[in-house]
Amino acid sequence: MHPARDALAGRLRAAGSVFAEDEADLLLDAGDGDPVRLRTLVQRRLAGEPLEYVLGWAAFDGHRIRVTPGVFVPRTRTTIVVEQAARLLHRYDRVVDLCCGAGAIAVALLERVGALDLVASDIDQDAVDVAAENIGDRGIVVAGDLFAALPARFRGAVDVIAVNAPYVPTDAVATMPSEARDHEHRVALDGGADGLDLHRRIAAEAGAWLRPGGAVVIEVSTGQADASAAAFHEAGFDARVERDDAVDGTCVVATRRD
């Protein structure tokens, strides 16, 4: 029996937690035996703050990715981007983690593939700061709108652009779970009227940065996948949709035609 853990799990369950026992274990571990610290963490969680912000990290592809309030929390479904990108990469290849958030895709690719010539970019300075912590000296992190801040040496020379750009339609943001819509920065969620504004921009601009035969791997919802693939096809890419039911993930893999 674990009375403290069971009592905490009961409070979390009453507050709406679906995985109350797991959360109780994580919070107790984060409290590190300090009752004052534990009380603060529990109060934040019971007030509705996302667990990842309370803990200071999110689990992703076997890693603990540091996150801070407001920064997009990496989702398990995004591992499909990692999986598909890793299949296309070799050590020392040139990679861009575009709309990088906390840099989760970059961290996972570095682990799966090995050393890479990597740049991560995001328009949100808070995300850039956290990504720089997560990536460390294994890559460069820049702040800018899509490709605007990438180094000139990457133009026409990138092997893979891995992307989790916002793809929630503007009107649908209000229907997202509270932990996302009320806590994550809107710029990390809102993809425009149909959710694909950034997909179309990336399709139009990515060719200038990729080497011939280079590819974009971009997350999307299942319902938007065909439209996203069509945008890349019209921009001069061979595009296919990949789906991983195990993680409920969908992405488009778009290869630049030679």
Side-chain angles (χ1 to χ4, degrees), residues 2 4-79 81-82 97-112 118 120-143 162 164 166 176-189 219 247 249:
H2 302 280
R5 183 253 199 182
D6 293 344
L8 176 53
R11 293 178 67 191
L12 292 166
R13 192 178 301 106
S17 172
V18 177
F19 304 104
E21 288 76 13
D22 292 340
E23 288 197 13
D25 289 338
L26 289 167
L27 289 166
L28 286 165
D29 182 63
D32 198 25
D34 182 340
V36 175
R37 173 172 168 76
L38 177 61
R39 186 181 309 115
T40 299
L41 297 175
V42 171
Q43 287 174 343
R44 288 173 62 188
R45 182 60 182 134
L46 292 175
E49 190 171 350
L51 178 66
E52 293 83 0
Y53 293 159
V54 175
L55 298 175
W57 58 269
F60 182 79
D61 201 42
H63 303 274
R64 286 190 174 187
I65 304 296
R66 174 162 165 71
V67 292
T68 57
V71 173
F72 183 81
V73 175
R75 275 67 153 167
T76 299
R77 61 177 173 264
T78 304
T79 56
V81 174
V82 176
D97 180 358
L98 197 65
C99 304
C100 68
I105 291 174
V107 170
L109 286 175
L110 286 162
E111 176 65 24
R112 291 196 185 205
L118 183 144
S121 177
D122 202 286
I123 198 170
D124 183 344
Q125 184 63 54
D126 291 340
V128 167
D129 291 342
V130 176
E133 291 185 49
N134 285 318
I135 295 169
D137 62 1
R138 296 173 294 171
I140 299 168
V141 186
V142 296
N164 182 15
M176 296 183 72
S178 173
E179 291 185 352
R181 72 171 186 269
D182 295 335
H183 293 275
E184 293 175 325
H185 292 165
R186 179 138 185 156
V187 70
L189 304 174
E219 183 178 322
V247 298

All heavy atoms of A9 vs all of A24, minimum pair found to be N-CB, 3.9 Å
Discussion item. Given 3.5 Å as the limit, does a donor-acceptor pair link the side chain of R44 with the main chain of P50, or not?
Written reply: no
To the nearest 0.5 Å, atom CG of L55 lies from atom CD of E23 at 8.0 Å
- prompt: Quick one: are R11 and S17 in side-chain contact, heavy atoms under 4.5 Å?
  reply: no
#### Entry: Charged N-O contact under 4.0 Å between R45 and E179
yes
TODO: May I ask you to decide if G103's main-chain N or O and N134's side chain share a donor-acceptor pair within less than 3.5 Å?
DONE: no
task = Could you tell me whether a side-chain N or O of R138 sits under 3.5 Å from a main-chain N or O of I135, the two making a donor and an acceptor?
result = yes
CD1 of I140 to OG of S121, rounded to nearest 0.5 Å, is 11.5 Å
Exercise. Taking E184 for the side chain and V73 for the main chain, is one N or O donor matched with an acceptor at less than 3.5 Å?
Worked result: yes
inquiry  = Does any part of the side chain of L51, heavy atoms only, come nearer than 4.5 Å to the side chain of F19, both counted from C-beta?
reply    = no
* **Charged N-O contact under 4.0 Å between R5 and D25** => yes
Would you say the side-chain atoms of D34 pair up with the backbone N or O of V36, donor to acceptor, closer than 3.5 Å? yes
TODO: Apply the test side chain to side chain contact (heavy atoms under 4.5 Å, CB included) to residues D97 and L109: give CA-CA distance (whole Å), side-chain angles for both, the deciding distance (0.1 Å), then the verdict.
DONE: CA-CA 10 Å; D97 180 358; L109 286 175; over 6 Å; no
The reported gap from CG in D29 to CG in L41 (rounded to nearest 0.5 angstrom) is 10.5 Å
Closest non-hydrogen contact found for R66 with A102 is O-CB, 3.6 Å
For L189 and A180, the nearest pair of non-hydrogen atoms, with its separation, is CD1-O, 3.7 Å
To the nearest 0.5 Å, atom CZ of R75 lies from atom CD of E219 at 9.0 Å
| message | Would you say that E52 contacts W57 through its side chain, given a criterion of any heavy-atom pair below 4.5 Å between the two side chains? | response | no
Less than 4.5 Å apart, any side-chain heavy atom of T76 and any of F60? no
The single option from V130, D129, V128 that satisfies side-chain contact (heavy atoms from CB on, under 4.5 Å) with V141 is V128
In this structure, CG of N164 is separated from CZ of R77 (nearest 0.5 Å) by 7.5 Å
Notebook entry, point to check: So, do P74 and V67 sit near enough that their side-chain heavy atoms are less than 4.5 Å apart?
Noted result: yes
#### Entry: L27 and L12, any side-chain heavy atoms less than 4.5 Å apart
yes
So CD1 of I105 and CG of D61: to nearest 0.5 Å the spacing works out to 10.5 Å
Practice task
Determine whether V42 and L46 make a side-chain contact, defined as any pair of heavy atoms from C-beta on separated by less than 4.5 Å.
Solution key: yes
**Prompt:** Just by modelled atom types, is the V71 backbone N or O under 3.5 Å from a matching donor or acceptor in the Y53 side chain?
**Reply:** yes
With a 4.5 Å heavy-atom cut-off, do D122 and C100 have their side chains touching?
yes
Scanning both residues in full, the closest heavy-atom pair of G101 with A131 reads O-CB, 3.5 Å
